[in-house]
Every structure is written in structure tokens, then in C-alpha cells.
Amino acid sequence: MGVVLAVVAAVLNAAASVLQRKAAREEPEEREFSIGLLFDLVRRPVWLAGIACVITGFLVQAVALTLAGVAVVQPLLVAELPFTVLLAAWAFGARPGVREWTAIGVLAAGLVLVVVALAPTGGDPVAVSGWTWVVGSAVVAVIVGATVVAGRGTTGSARAGWLGIGTGTAFGYVAVLVAAVGAIAGREGVHGVLTAWQTWAVVVVGPLSFFLLQTALQAGSLVASQPGFTLANPLLATAWGVVVYGEQVRGGAWYAMAAAGGAALVLGTFVLVRSPLLSDGDQDEAAPAAR
């Protein structure tokens, strides 16, 4: 059930990306990193529909994380990319071709290989020490901060790309926090959830990640930002699940199978994100200096 819900969350996230990008692409560049961007977007019905998908997808993902480990759920969210391409084709009036369908097939095969090969089990977010949380959270903060600084120092596609990586990393961290909250809820109930610092961290980091997402979507087309959304999120969350939470994965020859699956994911992602279907009519890639 956790796997099924993870796929449903991927579909909802894809719909959210397309709907929010459709609204955000009309915003001027000077609105970037501005609270005025959100005030403008909230008056757009398309953007509000995207927000409904974001909220629903988050709730579905949270349930999935309580039913399965972080290292199981988060890699499956890579399925968001092919769903994004298909929905973008519908939203922006295009049709997937041979390249898109081939890349989607490669991505699907890569997902199956990674999940079957690693087969993560166990893990205990509640047992993680406070010092480990501090170090791990600091590393995430440095990564996100560095990508934001890099994004602000560039324009066009490069800016959207850097902000996409930062956004994916931030949402990966939100996922590990939600997994911890779910584990605490299972052991200590409502009182434990309300008194856990991870709960309030989600309340803070979640909206900040959402704001960064809007900025990334406004900065450039989905071609530029989607690779970061797609790969950084599961990479951060899976690494955290294995290294910090202690989720066990299969070793030996299974590593080779997982490596092959990972290579297929990267290849399929970078082929798919270059699809004209994700350009949504922007000319950023052709003339970045015009921004």
C-alpha cells in the first residue's frame, strides 16, 4: 500500500508542477524571491488548483512514509517526471513522441531495478541521536543555501536549475522529517507528535520549501527546474534513510542491479527533461539573455 500511495503522490506532484508553472511563468522576473509573487499567484485559479494537488499529494506521501521506509517511498517519486511530461503535453497542447515514450520506459525500468535491488527494510527514526540530527540538518541547510546563492547569481535556465536542486533537496528533508513524525505518532500518539521538534520543523521547513518551489517555477521552464525536483528529493531522502535512519538494503550483487537502475533513472531523466513538452512555450533556452 505504501508503494501504491507513493505513485499516487507522484501523480499529484506532477499535476501540481504543471499547474503552478502554468501560472508562475506569467510573473515578471523582479517578483523572484518576493512575497509579492505569492500574493499575485493566489489570485490565479490555475495556481490554486496546483496548491490543492500539492496539499493532497503531501498528505498521501505522509501516509506512504508511515507505511513504508523513506528509502522505499522517495525513489518512487521519480515517477513524477514522466507524469509531468504527459500532463504538460495535455496542458500546453503537445503530443509525446518516440523519445518521450522511450525515456518513460527507461525511467520505469530504472525504478523497478532500484526498488527491487535495494528492497529497504527496517530503520528507526526515533532512535536517531540529537547530535546526528544537528549534523545532518546542517548539511542539508548548507546544500540548499549554496544552491540558492548560485541561483541568485545566474539568470534564465541556470537559475531555474540551481533553484530546482535546492527545492528538491528541501522537500527531501521535509520527507525525512515527516517519516520521523509518523514513527513518533505510532509509538507516542498525539502527545508525542505535538511535543516532537520534528513536527514543528515541518511547519517551518515545509512553507519555506514551498516558497522556494514557486521561485524555481517562476525562474524558468520545467526543462530547467524539473531535474532538480526529480533527482535531488529522492537522493537526499534515500541517503538519509540508509545512513541516518539505519534502513537495511541488500548488498552483494544487488548493488550492481541498483547501480544499473540508478543509471537508467539518470539517463531517462536527462533525456525526458529535454523534451519540448516541458518547455511550455518559453524561449528561455533559446535566448536566456532576453530575461
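- Using a 4.5 Å cut-off on side-chain heavy atoms (C-beta onward), Val60 and Leu12 make contact.
- Atom CD of Glu188 is separated from atom CG of Leu194 by 11.0 Å, given to the nearest 0.5 angstrom.
- To the nearest 0.5 angstrom, Gln198 atom CD is 7.0 Å from Leu177 atom CG.
- Within the 3.5 Å criterion, the main-chain N or O of Ala52 finds a donor-acceptor partner in the side chain of Thr56.
- Here the side chains of Leu265 and Leu113 are not in contact, with every heavy-atom distance at 4.5 Å or above.
- Without hydrogens or angle criteria, Thr66 side chain to Val63 main chain gives a donor-acceptor distance under 3.5 Å.
- Of all non-hydrogen atoms in Ser209 and Val174, the two that sit nearest each other are OG-CG2, 3.7 Å.
- Heavy atoms only, all atoms of each residue included: Ala180 and Trp133 are closest at CB-CZ2, 4.0 Å.
- In plain terms, the two heavy atoms of Pro125 and Ala179 that are nearest each other are CG-O, 4.2 Å.
- The shortest non-hydrogen separation linking Pro82 to Ile104 is CB-CG1, 3.5 Å.
- A side-chain donor-acceptor contact under 3.5 Å links Tyr173 and Ser137.
- Annotation for Ala185 and Val193: closest pair CB-CG2, 3.4 Å, computed over non-hydrogen atoms.
- Ring geometry for Trp240 against Tyr245 counts as perpendicular: the plane angle is over 60°, on a 0 to 90° scale with 30° as the lower cut.
- The two atoms that bring Val128 and Val244 nearest to each other are CG2-O, 3.5 Å, heavy atoms only.
- In this structure, the separation between OG1 on Thr199 and CD1 on Ile184 is 6.0 Å, given to the nearest 0.5 Å.
- Between the side chain of Arg159 and the backbone N or O of Arg152 there is at least one donor-acceptor pair closer than 3.5 Å.
- A donor-acceptor pair is defined here as one N or O able to donate and one able to accept, closer than 3.5 Å; such a pair exists between the side chain of Thr195 and the backbone of Gly192.
- In this structure, CG in Leu59 is found 11.5 Å from CG in Leu5, a value given to the nearest 0.5 Å.
- Between atom CD1 of residue Ile165 and atom CG of residue Leu236 there is a gap of 12.5 Å, rounded to the nearest 0.5 Å.
- You'll find the side chain of Leu163 reaches within 4.5 Å of the side chain of Leu212, heavy atoms only.
- Atom CD of Gln61 is separated from atom CG of Asn13 by 6.5 Å, given to the nearest 0.5 angstrom.
- Hydrophobic clustering of Ile, Leu, Val, Met, Phe, Trp and Tyr side chains at less than 4.5 Å, counting indirect connections, unites Val202 with Ile51.
- Both Trp197 and Val178 are part of a single hydrophobic cluster, where members link through side-chain heavy atoms under 4.5 Å apart.
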